[in-house]
There are 2 protein chains.
Amino acid sequence: MSEKNTPTSAEQHDDGLGIRRYRQIKNKDLVKKRRAQILEAARKLFTKKGFPVTTIQDICEESGVNPGSLYDYVQNKDDILRQLFKEMMGESSEVRAAFVPSEEINDLDALRRYMRTAIGHSWTFSPEIISLAYQETRFLDQTTKQEIMSADRELIERWMVWIKQALGREVDQERLVVIASLLVFIFAFLPLKGWTTRGLDQDKVLNATVEFFIKGLGSL
Amino acid sequence: MSEKNTPTSAEQHDDGLGIRRYRQIKNKDLVKKRRAQILEAARKLFTKKGFPVTTIQDICEESGVNPGSLYDYVQNKDDILRQLFKEMMGESSEVRAAFVPSEEINDLDALRRYMRTAIGHSWTFSPEIISLAYQETRFLDQTTKQEIMSADRELIERWMVWIKQALGREVDQERLVVIASLLVFIFAFLPLKGWTTRGLDQDKVLNATVEFFIKGLGSL
DNA sequence: TAATTTGGCTGACGATCATCAGCAAAATAC
DNA sequence: GTATTTTGCTGATGATCGTCAGCCAAATTA
């Protein structure tokens, strides 16, 4: 990633929070608070401008943390992106857990209801996070990248199960994969193209999308 | 965009090809050739690494053009991205023109056939170009960005017409917009997520996608 | 209140990058 | 074969950015 500008610093300590520097901040609550500030600002900026063009100074201005202090709370710029993803992954798997359908999905109506909740949720909750996840992935290390990919895959598999349950019959597996992929894909990417649906109200888009998908299942 | 590192150069000329420098290359064929080299290399690199992290040196290495010479053929780094888009837009509108359906789309079968051609084509032809178009848009100036957006919009409108013709009846306009948008969206973005469909052969994905869409039209 | 610790912040270092001036080499003209 | 134009390329310039050492103030402790 950014191999540049990495002077070697002598006398580093490890505070168990992942920060390495010649001194450590003792007040853990403060560390948490500042780190949260930094990540929040970074999320906003990375989303808007992208990781590489966002400067540490930008982050400092947006978060109110002084450039001199910033390195007391995060390891380096790359670390900020990594932390952000950790947070997101945790968040979104929590969310996903919370959004395991509250009812058994045994018919199309149940599927429809759940789909509406799930899509609606993913659209309103984290448009920018998702955009971040898919656009800035390339700047992450291999492991984090793979985590994201497997999360995606897992989600696809869940939808395959739900769809099959809703239809209540055996279906062509290969087609099922494709459709479930399209579904997850739409979830993730529509926020990115907010301008596509500009002028239409969210609710109508949501309805149209859900009905379209339900009908589309007829191809299975 | 990159407001940095822009020393003012005295005594500039304009060669009518958009290059401004203290001297101009006389051999127009050479200019064309070198520029093509540069753009080809840039396309490859921007696609793989992204615009901001690709350095001029990278482009020089990949293209074989010397860093000292490069500025004889393009204005600056931003210009390279802009040129690339111009090229792509020209290319793709040519392609789109060529792919105006060869037959009247008066029923679902004709639509199905055309959809297969169009999607298949857009998937095989320019996965990386499309990725470029959508991921690096934010680094372009407002005008170029708007060009792209309106090309997209235009395409959506065409599909709205074709779909309506295929169905041969009046349909809910708002839903139609959504579906056409989804279609164009899928066109553009699936190549990006090549890994989604990894392990499945293109042809099956294509079939499943088309059939899914055709069935989905039932929601109109 | 004095001594000590802890955190905020100024200023600087080293690295990289885009850009280009000026010279060497090649090509062309004479 | 010399003179002149045209292109290739070395080397430098200015700007920015990530990173951090070290000084100062505030807070805590004694």
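All values below come from the heavy atoms of this structure, side chains included, with hydrogens, waters and symmetry mates left out.
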Rounded interatomic separation in angstrom, taking [atom1] from [X] and [atom2] from [N]:
X       : N      : atom1 : atom2 : answer
A:Asp79 : D:dT19 : CG    : C1'   : 14 Å
A:Gln57 : D:dC20 : CD    : C1'   : 14 Å
B:Asn66 : C:dG22 : CG    : P     : 18 Å
A:Leu70 : D:dA21 : CG    : P     : 15 Å
A:Ile59 : D:dT19 : CD1   : C1'   : 13 Å
A:Tyr71 : D:dG22 : OH    : P     : 18 Å
B:Gln37 : D:dT7  : CD    : C1'   : 14 Å
B:Ile38 : C:dA18 : CD1   : P     : 14 Å

State whether A:Arg34 places a side-chain N or O below 4.0 Å from either non-bridging phosphate oxygen (OP1 or OP2) of C:dG8. yes
Looking only at side-chain N and O atoms, does A:Tyr73 come under 4.0 Å of OP1 or OP2 in C:dG8? yes
Ring of A:Phe51, cation from A:Lys77 - is the NZ or CZ under 6.0 Å from the centre and inside 45° of the axis? yes
Check this for me: does any side-chain nitrogen of one of B:Glu87 and B:Arg43 sit under 4.0 Å from a carboxylate oxygen of the other? yes
Taking side chain to side chain contact (heavy atoms under 4.5 Å, CB included) as the criterion, tell me which of A:Leu84, A:Val74, A:Ile38 meets it with A:Asp79. A:Val74
Aromatic plane relationship, A:Phe212 with B:Phe213 - under 30° parallel, 30 to 60° tilted, over 60° perpendicular: tilted
For the side chain of B:Ser69, starting at C-beta, report the closest nucleotide among D:dG18, D:dG8, C:dA18. D:dG8
Which part of the nucleic acid does A:Leu30 contact within heavy-atom distance under 4.0 Å: base, sugar-phosphate only, or nothing? sugar-phosphate
